[in-house]
There are 2 protein chains.
Amino acid sequence: MAAMREPTFLILTALADGPRHGYGVIKDVSELSAGRITLLAGTLYTALDRLTAEGLVEPDHEERVDGRLRRYYRLTDTGRTALAERAAELQRAARIARTRLRANPGTA
Amino acid sequence: MAAMREPTFLILTALADGPRHGYGVIKDVSELSAGRITLLAGTLYTALDRLTAEGLVEPDHEERVDGRLRRYYRLTDTGRTALAERAAELQRAARIARTRLRANPGTA
DNA sequence: GGCCGATAGGTAGATCATTGATATATAGTC
DNA sequence: GACTATATATCAATGATCTACCTATCGGCC
């Protein structure tokens, strides 16, 4: 399992809220990143396939709404653990960065 | 300027502590990531060149210690701003992820 | 004197997650 | 009829990172 990049992290975070279908993940990631990040369809579906293969995510169920198929995914326990570890790492690194920036202000 | 990935973020964080030379950055990144990430020389020097070209980092000065050259780099104001923004983003995303995991515990 | 590990900087090619583009399909709006 | 939003999917290209090299100095060891 290669390094988890940001889009992947955000996808797992979206699914941490409960099962969601692909398009729902895209919407949620957009919200939770304050509109900064819009997942492209290509990024999402390839990531979902990869995460399924890695066992971090699994299909939940399918719905048909207005003739359109919705395929829901959910986090596995492995996925929950991976996300928790990753979130802790990111929080730690971000805190260090901010502490250092405060302690060592530049020209500005 | 493409998306800032983790090694890049860690390099900027290392330099937020004050000017450091390449090898010093590698050591610092190893510490501040709790040993999880060991920057390879290839990653570091290509990133340093790219960040210099992007204006986030600039050469500080050179020293000769025991016959070995040390090339120091420092953050520019642009680099400080970029790091601060990135750190805030990561902290926000990590907090949301952890909140969701707590609110919505899995099978475990 | 020769070898090794740590320090220090550097380059070239490969990897692979992400991006951008494209395709398909339905329903509603102009 | 054209367009937008929803929804899933595939594929080639991009590019930051990784792997694997290279050079060189210093100190310790045998």
Side-chain angles (χ1 to χ4, degrees), chain A residues 1-15 19-31 33 36-54 56-57 59-73 79 82-83 86 93, chain B residues 1-15 19-31 33 36-54 56-57 59-73 79 82-83 86 93:
Chain A
M1 177 169 50
M4 190 190 299
R5 306 245 256 267
E6 194 171 25
T8 301
F9 172 75
L10 293 171
I11 290 167
L12 293 183
T13 301
L15 293 179
R20 277 207 169 85
H21 66 293
Y23 203 79
V25 169
I26 292 177
K27 295 289 156 199
D28 188 56
V29 164
S30 173
E31 278 177 48
S33 69
R36 283 181 306 97
I37 292 175
T38 304
L39 243 43
L40 297 171
T43 305
L44 179 76
Y45 293 106
T46 52
L48 243 23
D49 287 346
R50 177 171 41 84
L51 291 170
T52 300
E54 289 172 354
L56 302 189
V57 152
D60 192 70
H61 68 285
E62 291 186 2
E63 277 177 22
R64 188 164 289 275
V65 179
D66 291 331
R68 283 186 289 271
L69 184 69
R70 286 183 175 177
R71 186 163 296 150
Y72 283 74
Y73 291 87
L83 176 59
R86 187 66 178 144
Chain B
M1 178 169 50
M4 190 189 300
R5 306 244 255 270
E6 194 171 25
T8 301
F9 172 73
L10 293 171
I11 289 167
L12 293 183
T13 301
L15 293 177
R20 277 206 169 85
H21 65 294
Y23 203 79
V25 169
I26 292 176
K27 294 290 155 197
D28 189 56
V29 164
S30 173
E31 279 178 49
S33 69
R36 282 181 307 98
I37 292 176
T38 305
L39 244 43
L40 297 170
T43 306
L44 179 76
Y45 293 108
T46 53
L48 242 23
D49 287 346
R50 178 172 41 84
L51 291 170
T52 300
E54 289 172 353
L56 301 189
V57 152
D60 192 70
H61 68 286
E62 292 185 3
E63 277 177 22
R64 189 164 288 275
V65 178
D66 293 329
R68 284 186 289 268
L69 184 69
R70 285 183 176 177
R71 187 163 295 152
Y72 283 76
Y73 290 87
L83 177 58
R86 187 66 178 146

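Lettering follows sequence order; numbering is per chain, from 1. Below, all heavy atoms of this structure are taken into account, side chains as well, without hydrogens, waters or symmetry copies.
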Residue-phosphate contact under 4.0 Å: B:K27 side-chain N/O, C:dA8 OP1/OP2: no
Nucleotide nearest A:Y45 (side chain, heavy atoms from C-beta), chosen from D:dT10, D:dA16, C:dA6: D:dT10
Taking every non-hydrogen atom, the tightest pair across A:L44 and A:G22: CD2-O, 3.2 Å
Distance below 4.0 Å between B:R70 side-chain N/O and C:dA8 OP1 or OP2: yes
B:L48 CG - D:dT17 P separation (whole Å): 12 Å
Atom pair distance, as rounded to whole Å: NE2 in B:H21 and P in C:dA6: 16 Å
N or O in side chain of B:R50 less than 4.0 angstrom from D:dT17 OP1/OP2: yes
Interatomic distance, B:I26 CD1 vs D:dT19 P [rounded to whole Å]: 13 Å
Touch class at under 4.0 angstrom, heavy-atom based, for B:G22 against every strand present: sugar-phosphate
Plane angle bin for B:H61 and B:Y72 - parallel if under 30°, tilted between 30 and 60°, otherwise perpendicular: parallel
N/O donor-acceptor pair under 3.5 Å between B:S30 side chain and B:I26 backbone: no
Identify the pairs formed between an N or O of the protein and an N or O of nucleotides 26-30 of chain C at a distance under 3.5 Å, and give each distance.
unit_1, atom_1, unit_2, atom_2, d
C:dT26, O3', A:D66, O, 3.4
C:dT26, O2, A:R68, NH1, 2.4

Atom-pair distance (CG on B:L69; P on D:dT23), nearest Å: 18 Å
Spacing of A:T8 atom OG1 and A:L48 atom CG [to the nearest 0.5 Å]: 10.0 Å
Closest nucleotide among C:dT19, D:dA5, C:dG9 to the A:P7 side chain: C:dT19
Atom-pair distance (CG on A:L12; P on C:dA17), nearest Å: 13 Å
Whole-Å gap separating C1' (D:dT17) and CD (B:E6): 12 Å
Residue met sooner reading DNA chain C from 5', once A:R5 and A:A41 are mapped to nucleotides: A:R5
Rounded distance in Å - CG (A:L44) to P (C:dT19): 11 Å
Side-chain N,O (A:T8) to OP1/OP2 (C:dT18) below 4.0 Å: yes
Where B:A14 and B:V25 come nearest, the two heavy atoms and their spacing: CB-CG1, 4.1 Å
Whole-Å gap separating P (D:dT8) and CG (A:L39): 13 Å
Sugar-phosphate only, base, or nothing, as touched by B:L40 at under 4.0 Å among non-hydrogen atoms: base
Residue met sooner reading DNA chain D from 5', once A:Y73 and B:T46 are mapped to nucleotides: A:Y73
Partner of B:E62 by salt bridge (Lys or Arg N to Asp or Glu O under 4.0 Å), out of B:R70, B:R71, B:R68: B:R71
4.5 Å side-chain heavy-atom contact, A:R86 and A:L12: no
Heavy-atom pair with the smallest gap, counting every atom of A:P7 and A:T43: CB-CG2, 3.9 Å
